[in-house]
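Comments concern the structure below.
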Amino acid sequence: MSRRVLITGGSGFVGQWLTRALMKRGDTVFAGTLEGPPRVGVLDAQVIAATHWLTLDTASDASIRAAVTGSAPDWIVHLAGIAYPPDANADPVRAFEVNALGALRLLTAVATSARDARVLIIGSADEYGPYPPDRYPLDETTPLAPRSVYGSSKAAQELLALQMWRSAGLQVVCTRSFNHSGAGHADTYLLPALVRRAAALPETGGTLLIGNAAPVRDYLHVADVVDAYLLLLDRGTAGEVYNVCSGKGVSVRQLAEHVLRRLGVRAAISTDPALSRPSDTPVLIGDNSRLRGATGWSPRRSIDDIIDDLSHATTR
């Protein structure tokens, strides 16, 4: 069955991967963006030409109403927002304006003109905040205690989305998505940055710089994340929240070792305090049992697959 799908933040990293997956299924994609169509990269020229690109500003009621009305969507995936935590933390008011109120504006427009649409609201593992090591992996019943402005803005987004499900009966499904990467991911993020730095080193010798070596994260390939999103749109329960995660933890140092090994580079690993984030949560690993049970999803790709994708993109 072909569907009309509106993606907010459609020109972003995950938005492009999702667009490509939807196109392969035969769906009609409306990609809302402020930047316009992306350059050829994740998406080839044919997919870019076949996508309906819409101007969508999450700070504008009129812009969101026009995008929802114009696309008449069966499904909506809300990816638009401030996705880089340091940017959100640097401007808390804007972070809440874009991340939390942007979702509310979208859902208000849906309640008016697209009530039957299924809406997937993409949240973040940062909503959880830090917990003692013996509490991991975290499931969806874990109380939210975000440490950062970014995490708080995404928790507020989720709270507003679930309120709209309760009060207006909208078909809203929420995620708490853990770390994910792949080709097209900006190297302001950890794993793409490690690959870029390692690729610039000689095959023998040199030093790969990292920030804090100790934080442990839960990584998925972006293609597995997109698979989870599509399954949740099809099979997820409205009013529910789902962790999208691998259920396995890997430290920053282990990631650096993975990168060097995969790129065939023999180098030392050294900590550079300038690359550390003072607010890093020590451990962040999720339990994906609810997602698996509801959809039958399971990850099919490894960290090495992520590194290979990033490496190929870096050397092109």
Side-chain angles (χ1 to χ4, degrees), residues 3-16 18-19 29-37 51-85 87-124 126-127 144 146 148-177 229 232-233 236 238-241:
R3 292 182 173 87
R4 297 167 66 89
V5 185
L6 172 62
I7 305 172
T8 72
S11 63
F13 166 55
V14 180
Q16 292 184 57
L18 182 58
T19 294
V29 178
F30 298 83
T33 176
L34 282 175
E35 295 81 17
T51 301
H52 300 269
W53 298 96
L54 306 174
T55 299
L56 193 153
D57 180 359
T58 57
S60 165
D61 291 320
S63 172
I64 290 177
R65 281 197 305 269
V68 172
T69 302
S71 60
D74 302 301
W75 286 356
I76 300 171
V77 183
H78 183 48
L79 289 162
I82 298 175
Y84 187 50
D87 288 345
N89 298 338
D91 193 342
V93 173
R94 182 169 177 267
F96 274 80
E97 173 70 34
V98 174
N99 290 353
L101 295 183
L104 182 59
R105 290 189 184 94
L106 173 67
L107 292 170
T108 300
V110 170
T112 301
S113 58
R115 291 192 60 85
D116 293 333
R118 294 268 292 174
V119 186
L120 190 66
I121 300 291
I122 307 304
S124 169
D126 276 14
E127 296 174 48
L144 302 185
S148 66
V149 169
Y150 173 74
S152 296
S153 70
K154 298 300 275 187
Q157 170 191 267
E158 179 185 297
L159 188 65
L160 289 166
L162 294 177
Q163 178 261 313
M164 290 295 285
W165 164 70
R166 295 186 191 98
S167 63
L170 300 185
Q171 297 299 299
V172 176
V173 179
C174 296
T175 79
R176 296 176 192 150
S177 300
Y229 291 172
L232 284 171
L233 281 161
E240 278 283 18
V241 180

Requested in this report: Return yes if some donor-acceptor pair links the side-chain N/O of Thr175 with the main-chain N/O of Gly123 below 3.5 Å, else return no.
Outcome: yes
Query raised in the report: Could you give the distance from CG (Leu159) to SG (Cys174), rounded to the nearest 0.5 Å?
Result: 9.5 Å
Query raised in the report: Can you name the side chain to side chain contact (heavy atoms under 4.5 Å, CB included) partners of Glu127, sequence neighbours left out?
Result: Leu144, Lys154, Ala155, Glu158, Arg176
Query raised in the report: Ala238 and Gln171: which non-hydrogen atoms are nearest, and at how many Å?
Result: CB-OE1, 3.6 Å
Report task. Check whether any side-chain heavy atom of Arg118 lies under 4.5 Å from a side-chain heavy atom of Leu232, and answer yes or no. Result -> no
Report summary line: Test side chain to side chain contact (heavy atoms under 4.5 Å, CB included), reference Ser71, set Leu6, Ile76, Leu56, output is Leu6
Query raised in the report: Which pair of non-hydrogen atoms, one from Ser177 and one from Tyr229, has the smallest distance, and what is that distance?
Result: OG-OH, 2.7 Å
Requested in this report: Evaluate the side chain to side chain contact (heavy atoms under 4.5 Å, CB included) criterion for residues Phe96 and Val149: first the C-alpha distance (whole Å), next the side-chain angles of each, then the deciding distance (0.1 Å), finally the verdict.
Outcome: CA-CA 8 Å; Phe96 274 80; Val149 169; 4.2 Å; yes
Query raised in the report: Quick one: does Val68's side chain get under 4.5 Å of Leu106's, heavy atoms only?
Result: yes
Report task. Sort and list the pairs that fulfil salt bridge (Lys or Arg N to Asp or Glu O under 4.0 Å) and have at least one residue in residues 67-80, not counting sequence neighbours. Result -> none
Query - Residues that Asp126 engages under side chain to side chain donor-acceptor pair (under 3.5 Å), provided they are two or more places apart - result: none
Query raised in the report: What's the shortest heavy-atom distance between Ala114 and Pro73, and which atoms?
Result: CB-CD, 4.3 Å
Requested in this report: Show your working on side-chain hydrogen bond (donor to acceptor under 3.5 Å, both in side chains) between Ser63 and Asp57 and close with a plain yes or no.
Outcome: CA-CA 6 Å; Ser63 172; Asp57 180 359; 5.8 Å; no
Query - Partner set under ring-ring contact (aromatic ring centres under 6.0 Å, His included) for Phe30, not counting sequence neighbours - result: His52
Query raised in the report: Backbone N or O of Ile82 within a donor-acceptor pair of the Asn99 side chain at under 3.5 Å?
Result: yes
Report task. For the residue pair Leu104 and Met164, establish whether any side-chain heavy-atom pair is separated by less than 4.5 Å. Result -> yes
Query raised in the report: Is the closest side-chain heavy-atom distance between Val77 and Ile122 below 4.5 Å?
Result: yes
Requested in this report: Check whether any side-chain heavy atom of Arg115 sits under 4.5 Å from a side-chain heavy atom of Leu170, and report yes or no.
Outcome: yes
Query raised in the report: Looking at Leu120, Thr8, Ile7, which one forms a side chain to side chain contact (heavy atoms under 4.5 Å, CB included) with His78?
Result: Thr8
Report summary line: Nearest heavy-atom approach of Ser11 to Thr33 is OG-OG1, 2.7 Å
Requested in this report: For Thr51 and Ala31, work out which heavy atoms get closest and say how close.
Outcome: CG2-CB, 3.7 Å
**Report entry** Minimal non-hydrogen separation, Thr19 against Gly10, with atom names
**Finding:** OG1-O, 4.3 Å
Query raised in the report: Is there a side-chain contact between Trp165 and Leu107, using heavy atoms and a 4.5 Å cut-off?
Result: no
**Report entry** All salt bridge (Lys or Arg N to Asp or Glu O under 4.0 Å) counterparts of Glu35, not counting sequence neighbours
**Finding:** none
Query - Sequence neighbours excluded - salt bridge (Lys or Arg N to Asp or Glu O under 4.0 Å) pairs with any residue from residues 92-109 - result: Asp61-Arg105, Glu97-Arg105
Query raised in the report: Side chains of Leu162 and Val241: does their closest heavy-atom pair fall under 4.5 Å?
Result: yes
Query raised in the report: CG of Leu79 to CD1 of Ile121: how many Å apart, nearest 0.5 Å?
Result: 9.5 Å
